[in-house]
2 protein chains.
Amino acid sequence: MERIPPHPDVRTVPLQRVLEALVDPVRRSIVTQLCDAAADLRCGGFDLPVSNSTATHHFRILRETGLIRQYYVGTARMNTLRRDEFDEAFPGLLDAVVSADRRSSGAAATA
Amino acid sequence: MERIPPHPDVRTVPLQRVLEALVDPVRRSIVTQLCDAAADLRCGGFDLPVSNSTATHHFRILRETGLIRQYYVGTARMNTLRRDEFDEAFPGLLDAVVSADRRSSGAAATA
DNA sequence: GCAGAACTACGATGGTTGTCAAACTTTGAT
DNA sequence: ATCAAAGTTTGACAACCATCGTAGTTCTGC
């Protein structure tokens, strides 16, 4: 039996849904961390300021928005960024958001 | 006496604020219409599905986010897109959002 | 000066949503 | 078989925000 609900076709996801997904700082942090990571990450492998149940909620929204793909490895739920598919559906958006997010988060020394 | 509150320096506006501004469909419609318009538009010149007072609310948020600049001409409040400044602060973001928005709104015939 | 046009400001309200704790499920190891 | 680990699900709660109507402000024209 499948433990993970089906992933949507990103091209059918409306822009509204995408922006609603990316407007939340926690979800944006997930996306950014996934973008910076060399490999896929399990849910518990993220640095998040919320409880487990809240994190689950955010992962679900990202999955339903078509931003991430989830799959199980043992008891660990892995997450991968659906970059290519998403870029095709929303060209330039992920790059712009993630880049701006990195500037914001890593804003410390500009000298 | 100034009738319009001061406009922020776009570079000081956090990404969070920008996304919160762009996530609202009415505000995104304002930005898109402004993008498509040849000249500046007065508040009453937009095609919006909300009351006047609500529209004012949205214009204020866009101004405070640094996306639009407002100025009076008689009794008419004019609006202009701060494209260059915004693009410098958030490269690629406006383009990605407006492009995707146009695809969504104008989605009718693909034949 | 007065009327009207064009917006804005002010409360008030309703719906949405991010948050948590507690209980549950599934898998892997002992 | 049992136990722990890793997440999920459910229900409840609080905060935020888009929306509206009404009243107010500023300018133009007569």
Side-chain angles (χ1 to χ4, degrees), chain A residues 1-7 13-31 33-34 39-65 67-80, chain B residues 1-7 13-34 39-65 67-80 101:
Chain A
M1 195 183 86
E2 299 299 334
R3 290 183 65 189
I4 308 249
H7 295 73
V13 178
L15 172 66
Q16 184 60 37
R17 213 164 176 47
V18 171
L19 292 178
E20 282 167 2
L22 290 175
V23 78
D24 186 277
V26 176
R27 289 195 286 266
R28 215 162 52 243
S29 173
I30 292 175
V31 170
Q33 289 182 49
L34 216 43
D40 296 354
L41 291 174
R42 53 190 260 288
C43 289
F46 290 83
D47 182 26
L48 299 176
V50 293
S51 70
N52 266 5
S53 50
T54 300
T56 294
H57 166 66
H58 289 308
F59 280 115
R60 179 157 71 102
I61 290 183
L62 287 176
R63 167 169 39 80
E64 290 176 350
T65 309
L67 272 160
I68 65 173
R69 187 176 301 277
Q70 297 191 301
Y71 59 97
Y72 265 103
V73 173
T75 67
R77 195 172 217 171
M78 306 297 298
N79 303 274
T80 189
Chain B
M1 196 183 84
E2 300 298 335
R3 291 182 64 188
I4 307 253
H7 294 73
V13 178
L15 172 65
Q16 184 60 36
R17 212 164 175 50
V18 172
L19 292 178
E20 282 167 2
L22 291 175
V23 79
D24 186 278
V26 176
R27 288 194 287 265
R28 215 163 51 244
S29 174
I30 292 175
V31 170
T32 302
Q33 289 182 48
L34 216 43
D40 297 353
L41 291 175
R42 53 189 206 58
C43 290
F46 290 83
D47 182 26
L48 299 176
V50 293
S51 71
N52 266 4
S53 51
T54 300
T56 294
H57 166 66
H58 289 307
F59 280 115
R60 179 156 70 100
I61 289 183
L62 288 175
R63 166 168 41 79
E64 290 177 350
T65 310
L67 273 160
I68 66 173
R69 187 177 301 278
Q70 297 189 301
Y71 59 97
Y72 265 103
V73 173
T75 67
R77 198 172 214 172
M78 305 298 296
N79 302 274
T80 190
D101 202 38

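Here is how names work: the chains are called A, B, and so on, in the same order as the sequence lines, proteins then strands, and each is numbered from 1.
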**With sequence neighbours excluded, residues passing side chain to side chain contact (heavy atoms under 4.5 Å, CB included) with Q16(B)** = V23(A), P25(A), R28(A), E20(B)
**Request:** Can you sort out the partners of T32(B) under side chain to side chain donor-acceptor pair (under 3.5 Å), two or more places apart, ordered by chain and number?
**Result:** D101(B)
**Item:** Rounded to 10 degrees, the angle between the two terminal axes of the helix from dG1(C)-dC30(D) to dT30(C)-dA1(D), each from five pairs
**Value:** 20°
**Request:** Specify the separation, in whole Å, of atom CG of N52(A) and atom C1' of dT25(C).
**Result:** 15 Å
**Message:** If I take atom CD1 in residue I4(B) and atom C1' in nucleotide dA9(C), what distance separates them, rounded to the nearest angstrom?
**Reply:** 14 Å
**Request:** Using only side-chain N and O atoms of R42(A), determine if any of them is under 4.0 Å from OP1 or OP2 of dG7(D).
**Result:** yes
Show me the donor-acceptor pairs within less than 3.5 Å that the side chains of residues 40-47 of chain A make with the rest of the protein, sequence neighbours left out.
{"from": "D40(A)", "atom 1": "OD1", "to": "T80(A)", "atom 2": "OG1", "distance (Å)": "3.1"}
{"from": "D40(A)", "atom 1": "OD2", "to": "Y71(A)", "atom 2": "OH", "distance (Å)": "2.6"}

**Asked** Please give, in whole Å, the distance from dT19(C) P to R60(A) CZ?
**Response** 14 Å
**Request:** Check side chain to side chain contact (heavy atoms under 4.5 Å, CB included) between P6(B) and all other residues, then give those that pass, not counting sequence neighbours.
**Result:** none
**Complete:** Residue pairs meeting salt bridge (Lys or Arg N to Asp or Glu O under 4.0 Å), one or both in residues 67-76 of chain A, sequence neighbours left out, come to R69(A)-E85(A)
**Prompt:** Is the phosphate of dT8(C), meaning OP1 or OP2, less than 4.0 Å from a side-chain N or O of R3(B)?
**Reply:** no
**Nearest-0.5 Å distance, OG1 of residue T75(B) to CZ of residue R3(B)** = 7.5 Å
**Request:** Taking side chain to side chain contact (heavy atoms under 4.5 Å, CB included) as the test, write out the residues that go with S53(B), two or more places apart.
**Result:** S51(B)
**Asked** Looking at CD1 of I61(A) and CG of L22(A), how far apart are the two atoms once the value is rounded to the nearest 0.5 Å?
**Response** 11.5 Å
**Asked** Using a heavy-atom distance cut-off of less than 4.0 Å, which residues of residues 68-76 of chain A contact DNA chain C?
**Response** G74(A), T75(A)
**Item:** Whole angstrom value for the distance that separates C1' of dA6(C) from CZ of F46(B)
**Value:** 14 Å
**Request:** Nearest whole angstrom, please: distance from the P of dT19(D) to the CD1 of I61(B).
**Result:** 10 Å
**Item:** Nearest-Å distance for atom pair CD1/C1', residues I30(A) and dG18(C)
**Value:** 13 Å
**Partner set under side chain to side chain donor-acceptor pair (under 3.5 Å) for R60(A), not counting sequence neighbours** = E64(A)
Any N/O pairs under 3.5 Å between the protein and nucleotides 12-17 of chain C? List them or say none.
none

**Message:** Could you tell me how far apart H58(B) (NE2) and dC7(C) (P) are, to the nearest whole angstrom?
**Reply:** 16 Å
What protein N or O atoms touch nucleotides 21-23 of chain C N or O atoms at under 3.5 angstrom, if any, and at what distances?
{"from": "dA21(C)", "atom 1": "N7", "to": "S53(A)", "atom 2": "OG", "distance (Å)": "3.4"}
{"from": "dA21(C)", "atom 1": "N6", "to": "S53(A)", "atom 2": "OG", "distance (Å)": "3.2"}

**Complete:** Distance col, row N79(B):CG vs I30(B):CD1, nearest 0.5 angstrom, shows 7.5 Å
**Item:** Per V50(B) side chain, nearest of listed nucleotides dT8(C), dA9(C), dT19(D)
**Value:** dT19(D)
**Message:** Could you check whether any side-chain heavy atom of I4(A) comes within less than 4.5 Å of a side-chain heavy atom of R63(A), counting everything from C-beta outward?
**Reply:** yes
**Item:** Protein-nucleotide distance (F59(B), atom CZ; dA9(C), atom P), rounded to Å
**Value:** 13 Å
**Item:** Any residue meeting side chain to side chain donor-acceptor pair (under 3.5 Å) with R27(A), in chain and number order, not counting sequence neighbours
**Value:** H58(A)
